[in-house]
Amino acid sequence: MKAFLPPLDTQEEKRILKQMQGGSLEARNTLIEHNMRLVAHIAKKYQNADEEMEELISIGTIGLIKAVMTFQADKGSRLSTYAARCIDNELLMYLRARRKVAREISIYEPIGTDKEGKQINFMDIIESDEPDVVEQMDQNGKIKKLRTLLPGLLTKREQEIIILRYGLCGSQPVTQRQIAAKLGISRSYVSRIEKRALAKMRAGLEKG
C-alpha cells in the first residue's frame with residue numbers, strides 16, 4: 001500500500017480548517033491528503049477476494065471529501081471522527097449497490113426453459129450433477145448452441161473472459177482476479193465485461 005501523509009495535530013487541523021472556511025482550496029486539499037491514511041484503514045476492513053483495494057480507496061476518498069466539505073468544527077468533534085463515519089457510509093452504499101446489481105444480472109437468473117417446461121439458468125447449461133443420457137444430450141445441445149452464438153453475440157474480449165471464467169472450452173473455470181492478472185486489466189473491469197456478456201448471451205438464447 002502506498003505511503004500516506006501523517007494525520008495533522010489538533011492545533012494544525014484547526015488552523016487549516018479556518019483557512020478552508022475562508023475559501024482556501026489549498027487548505028481543503030491539505031485536509032484531504034492528511035486524512036487519506038484513515039481512508040485506507042477503513043477500506044481495508046471491506047477488502048476481500050472480490051474487492052480491489054484501489055477501488056475501495058477511491059470510493060472512500062469520496063466520503064472523505066464530503067466530510068471535509070460538510071464538517072462543522074463548532075460541533076465539538078474532531079474531523080477524523082466525523083470523516084470516519086462518512087467514509088464508512090460511502091463504502092457501505094457502494095458495496096450494497098454492487099451486490100444489488102450482481103443479483104440483478106446473476107448467472108442464476110432464468111434464461112429459458114428445458115424440454116419439460118422448467119426454467120433453466122446459465123449455470124444449468126455449463127454444469128450439472130450426474131445427468132442422465134437424455135439430459136446430457138440436451139445439455140450438450142445447449143452448450144453447442146451457445147458456442148455457435150458466441151462469435152455473433154460477443155466481442156473478442158467478452159468471449160475470452162466468458163470462456164476463461166466458466167471453462168467453456170474444457171479448461172477449469174477461473175476467478176475474475178485471475179483473469180484480470182492474465183489480461184493485465186482491473187478485476188472491476190473484468191466484472192463489468194462479464195456482466196455485459198452474460199446479458200447479451202441471455203438475450204441471444206431467448207431469441208434462438
Side-chain angles (χ1 to χ4, degrees), residues 1-4 36-37 39-63 87 90-112 120-131 135-136 138-208:
M1 188 185 298
K2 65 175 287 187
F4 296 108
M36 286 300 299
R37 189 188 297 265
V39 173
H41 176 72
I42 295 172
K44 194 172 182 180
K45 72 178 183 178
Y46 292 107
Q47 188 182 23
N48 55 44
D50 293 322
E51 300 298 339
E52 295 283 355
M53 190 61 176
E54 184 179 342
E55 182 76 7
L56 293 174
I57 289 176
S58 295
I59 300 302
T61 302
I62 295 172
I87 294 164
E90 199 70 31
L91 284 164
L92 283 171
M93 286 192 297
Y94 165 75
L95 292 171
R96 284 169 186 156
R98 270 185 60 110
R99 286 169 189 145
K100 182 179 178 182
V101 170
R103 285 195 299 270
E104 287 173 355
I105 52 179
S106 167
I107 58 175
Y108 293 99
E109 286 185 0
I111 60 171
I120 59 172
N121 54 50
F122 180 60
M123 286 303 292
D124 289 331
I125 68 172
I126 61 173
E127 65 178 12
S128 61
D129 296 325
E130 299 180 359
E135 287 176 338
Q136 185 66 64
D138 191 47
Q139 296 282 18
N140 288 342
K142 288 185 174 69
I143 293 172
K144 186 176 180 180
K145 177 183 175 182
L146 184 60
R147 286 176 178 161
T148 302
L149 287 171
L150 285 182
L153 288 174
L154 308 181
T155 65
K156 287 185 179 179
R157 176 53 61 89
E158 288 168 344
Q159 289 180 60
E160 185 176 18
I161 286 175
I162 289 297
I163 289 169
L164 287 170
R165 186 80 171 93
Y166 300 102
L168 291 182
C169 292
S171 59
Q172 287 296 314
V174 298
T175 65
Q176 291 179 347
R177 190 178 293 276
Q178 289 171 315
I179 295 171
K182 178 181 175 66
L183 301 182
I185 56 180
S186 70
R187 190 212 57 79
S188 59
Y189 187 43
V190 171
S191 177
R192 288 196 296 272
I193 295 173
E194 180 187 342
K195 289 170 184 175
R196 184 172 66 236
L198 289 173
K200 288 181 180 180
M201 291 163 66
R202 279 198 300 274
L205 285 169
E206 286 168 0
K207 287 180 182 177

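Every heavy atom of this structure was used, including side-chain atoms; hydrogens, water molecules and symmetry mates were not. Because the structure is a prediction, the values reported are computed rather than measured.
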**Report entry** Donor-acceptor contact below 3.5 Å, side chain Q159 vs main chain L154
**Finding:** yes
Query raised in the report: Going by heavy atoms in the side chains, are E194 and I179 under 4.5 Å from each other?
Result: no
Query raised in the report: Can you name the closest pair of heavy atoms from S188 and E55 and give their distance?
Result: OG-OE1, 4.3 Å
Query raised in the report: How many angstroms lie between atom NZ of K44 and atom CG of L56, to the nearest 0.5 angstrom?
Result: 12.5 Å
Query raised in the report: Is a donor on one side and an acceptor on the other found under 3.5 Å between the side chain of R37 and the backbone of F4?
Result: yes
Query raised in the report: What is the distance from atom CG of L91 to atom OG1 of T61, rounded to the nearest 0.5 Å?
Result: 9.0 Å
Report summary line: In short, M53 meets A40 closest at the heavy-atom pair CE-O, 3.3 Å
Query raised in the report: Between R157 and L183, is any pair of side-chain heavy atoms under 4.5 Å apart?
Result: yes
Query raised in the report: What do you reckon, is CD of Q178 surrounded by more than 12 foreign heavy atoms closer than 6.0 Å?
Result: yes
Query raised in the report: Is there a donor-acceptor pair closer than 3.5 Å between any side-chain N or O of S58 and the backbone N or O of E54?
Result: yes
**Report entry** Y189, OH: over 12 other non-hydrogen atoms inside 6.0 angstrom
**Finding:** no
Report task. Enter the distance from M36:CE to H41:NE2 here, rounded to the nearest 0.5 Å. Result -> 14.0 Å
Query raised in the report: Taking all atoms of both residues into account, what is the closest heavy-atom pair of I161 and V190, and its distance?
Result: CG2-CG1, 4.1 Å
Requested in this report: For side-chain contact (heavy atoms from CB on, under 4.5 Å), just list the numbers for L198 and R165, CA-CA rounded to whole Å, side-chain angles, deciding distance to a tenth of an Å, and then say yes or no.
Outcome: CA-CA 11 Å; L198 289 173; R165 186 80 171 93; over 6 Å; no
Query raised in the report: Where is the tightest heavy-atom contact between A180 and S186, given as atom of each residue plus distance?
Result: CB-C, 3.8 Å
**Report entry** Heavy-atom closest contact (I87 atom, G60 atom, distance)
**Finding:** CG1-O, 3.6 Å
Query raised in the report: Taking all non-hydrogen atoms of both residues, which atom of I59 and which atom of E90 are closest, and how far apart?
Result: O-CG, 3.4 Å
